[in-house]
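As the structure is a prediction and not an experimental result, all values here were calculated from the model. Counting starts at 1 for both ligands and their atoms, following the listed order.
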Amino acid sequence: MKRVLVIHGPNLNLLGEREATIYGTETLETIDGKIKEAASQHQLEVETFQSNHEGAIVDKLQESRGAFDAVIINPAALSHYSIAIRDAIAATDLPVVEVHLSNIYRREKFRKTSVIAPVVVGQITGFGSDVYILALQAVVQLFRTVV
Ligand code: DQA
C-alpha cells in the first residue's frame, strides 16, 4: 500500500474559527477525517500532521524520505517566504503536491508568490477543503504513471 503524508502549516489548526469567509467553517479535524476517508477509498495509507513551527515541518519532511511515497502540503503563510521548507521539499526526492484552501492568486499581492511552487509537481488552490481530496486524486494518478 502506498503511503501519503499530508502536512498542514501554521494557523491551520484554527480552521473553522479563523477567517471563515475565506477558509470555510470546517475544522481541521473534520478535514482530516475527509482526507482519511478518501485515502481509504483509494487504498492509500495516510498520515496527517499539523505544526505552527517551520523547523518541525522541515524535520517531518526530512523524515518522510523512505517512509512515504508522496507528500501533500499546505505550507500556509510559509509558502510565501520559507526557503527552508522549499529546500526540505527538494531534498525529499518524493512527488509533492502544494495545496491552498483559498485561491492565493486572487488575494493580497504578497500571497501571489509561492517559493514552494518551483519544487513541487503541481499546485491546487482555491477549492476549499476539496483541495486535499483533489490532491489525493492527483497523487493516485502520479502513482499510475510513474513506474
Ligand atoms: C493558505 C493561504 C496562505 O496565504 C495563508 O497564509 C494560509 C492559508 C490557504 O490554504 O489558502 O494560512 O495556505
Donor-acceptor contact below 3.5 Å, side chain [X] vs main chain [Y]:
| X | Y | value |
| --- | --- | --- |
| S40 | E37 | yes |
| D69 | R3 | yes |
| T48 | I7 | no |
| Q50 | G9 | yes |

Protein contact of [atom] - nearest heavy atom, named by residue and atom, plus distance:
| atom | value |
| --- | --- |
| atom 3 (C) of ligand 1 | H80 NE2, 3.5 Å |
| atom 11 (O) of ligand 1 | S102 OG, 2.6 Å |
| atom 7 (C) of ligand 1 | Y23 OH, 3.5 Å |
| atom 12 (O) of ligand 1 | R18 NH2, 3.0 Å |
| atom 1 (C) of ligand 1 | H100 ND1, 3.7 Å |

Output yes when the distance from some N or O of ligand 1 to some N or O of [X] is under 3.5 Å, and no in every other case.
| X | result |
| --- | --- |
| A77 | yes |
| N74 | yes |
| L101 | yes |

Open item on the list: If we count only N and O atoms by modelled type, under 3.5 Å, do the side chains of Y132 and H8 hold a donor and an acceptor together?
Closed with: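 Checked: Y132/H8 side chains pair up, N/O donor to acceptor below 3.5 Å.
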
Notebook entry, point to check: Do the side chains of V97 and I124 get nearer than 4.5 Å, heavy atoms only?
Noted result: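 Yes, side chains in contact.
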
Next item on the list: Indicate, as side chain, backbone, both or neither, the part of R111 found under 4.0 angstrom from ligand 1 when only non-hydrogen atoms are considered.
Entry: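 Side chain only.
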
task = Over 60° means perpendicular and under 30° means parallel, so classify the ring planes of H80 and F110, tilted if in between.
result = perpendicular

